[in-house]
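Scroll down for the structure; my scribbles are underneath it.
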Number of protein chains: 2
Amino acid sequence: MAAIKHSKQRDAIKNFLISRKDHPTAEVVYAHVSREFPNISLGTVYRNLSFLVDLGQASKVPCSDGSVHFDGNVSPHYHFQCRECNAIIDLDFDVKKTEKDFISAASENFDGVIDGNVSFFYGTCPECLKKLNLLKKQE
Amino acid sequence: MAAIKHSKQRDAIKNFLISRKDHPTAEVVYAHVSREFPNISLGTVYRNLSFLVDLGQASKVPCSDGSVHFDGNVSPHYHFQCRECNAIIDLDFDVKKTEKDFISAASENFDGVIDGNVSFFYGTCPECLKKLNLLKKQE
DNA sequence: ATAATAACAGTAACAATTATCATTATTAAT
DNA sequence: ATTAATAATGATAATTGTTACTGTTATTAT
């Protein structure tokens, strides 16, 4: 019902999200958008991030360490988090098929209906793998 | 290094966790253990829950709605959350094999190393399914 | 131009969790 | 058994991430 009005702050937040392939937190968004809008409020950032999520133009990525990140890429995909550097990286594989298999396995001994899942993968990212290999060689 | 001393409060917290197949939050643990220890502190509950997690005697279950639950069952298994009643239920299927398949699919176009995943399943639990079917018939 | 109001900045309030600290309970040594 | 050392406690203060409030500003429709 309430008509949406345009706002430069919201544009800046959305553009920042789209421009980044990593997954900034509200604080990181705030820090960057503050450069363009020196007295933007942290509340405005939170309000617009939720708003964008509601509009389906961004997605909320709650990590198991309790931190909440935001993703400008709303196409279905899974996330990976590096145990070394905590970076969150998009994974690129056939979500549809794999998820279907995974859900049918999960439904095996369950009397309810499973219609979705949220997964996070963990391990070592390519960057950190390189660093660790270099350290090994130096020994 | 620091020697662990026994505590009745910790026992009560652990026993409560083990006794429950649902997955209480810190507040719920506090509410129940308070019956036996009327002036236990909420801080003590949080402290011991983390401690039990560190000892590998409990696990932390952070849900994507931001709430944090605790599980006395530390054997590897997945969780399901009902969209209707928000209950968290253990799923019983062959984790090892399924996870292996899932991880190898996820690793497809990724140069890092994936060694684990955390997944949450969503849908309708058996209880709520029943209720919804009854409602349908009444129409 | 003007009026209506969505969105703002600034700030207060909030909920969940963690830290502090003086007191109590548990353990190990006498 | 007493005692000494200290882990753990209860009570409370502090912290963090987020949401709500309020008067002002910016956007849109008339």
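What you see is a predicted model, and the numbers here were worked out from it, not measured in a lab. Chain letters run A, B, ... following the sequence lines, proteins first and then strands; every chain starts at 1. All values below were derived from every heavy atom in this structure, side-chain atoms included, with hydrogens, water molecules and symmetry-related copies excluded.
For the pair N117(B) and F121(A), the tightest heavy-atom approach, listed with the atom from each and the gap, is CB-CD2, 3.6 Å.
One interatomic measurement links the two molecules: CD1 of I4(B) to C1' of dA5(D), which rounds to 17 Å at whole-angstrom precision. The separation between N39(B) atom CG and dT9(D) atom C1' is 10 Å, rounded to whole Å. Atom CG of D65(A) and atom P of dG17(D) are 11 Å apart (whole Å). With rounding to whole Å, D54(A) atom CG is found 11 Å from dT19(D) atom P. K8(B) places its NZ atom 9 Å from the P atom of dA25(C), with the value rounded to the nearest Å. When rounded to the nearest whole Å, the span between CZ of R10(A) and C1' of dT28(D) equals 13 Å. Remark: P of dA26(D) and NE2 of H6(A) are 15 Å apart, rounded to the nearest angstrom. Per the geometry, OH belonging to Y30(A) stands 16 Å off P belonging to dT19(D), to the nearest Å.
Connectivity analysis of hydrophobic side chains (ILVMFWY, heavy atoms under 4.5 Å, direct or indirect) links I4(A) to F51(A), L55(A).
Within 4.0 Å (heavy atoms only), T44(B) reaches at least one base atom of the nucleic acid. When heavy atoms are screened at a 4.0 angstrom cut-off, I40(A) is found touching the sugar-phosphate backbone but no base atom.
Dashed line: the shortest gap from a side-chain N or O of Y46(B) to OP1 or OP2 of dT18(C) is not under 4.0 Å. OP1 or OP2 of dA7(C) has not a single side-chain nitrogen or oxygen of R47(A) nearer than 4.0 Å. Residue Q9(B) places none of its side-chain N or O atoms closer than 4.0 Å to OP1 or OP2 of dA25(C). For the OP1/OP2 pair of dC8(C) and a distance below 4.0 Å, the side-chain nitrogens and oxygens of N48(A) include at least one atom meeting the criterion.
The local environment of CD in E127(A) is sparse, with at most 12 non-hydrogen atoms from other residues, nucleotides or ligands closer than 6.0 Å. Within a 6.0 Å radius of CD in E99(B), more than 12 heavy atoms belonging to other residues, nucleotides or ligands are found.
For K5(A), the side-chain atoms get nearest to dA6(C) when compared with the rest of dA6(C), dT18(D), dA9(C).
For dA11(D), the base has a donor-acceptor partner in the side chain of S41(B) [N/O atoms by modelled type, under 3.5 angstrom].
Judged by distance alone, the side chain of S67(A) and the main-chain N or O of C63(A) form no donor-acceptor pair under 3.5 Å.
Of the two residues contacting DNA chain C, namely S7(A) and E27(B), the nearest-nucleotide position lying further toward the 5' end is that of S7(A).
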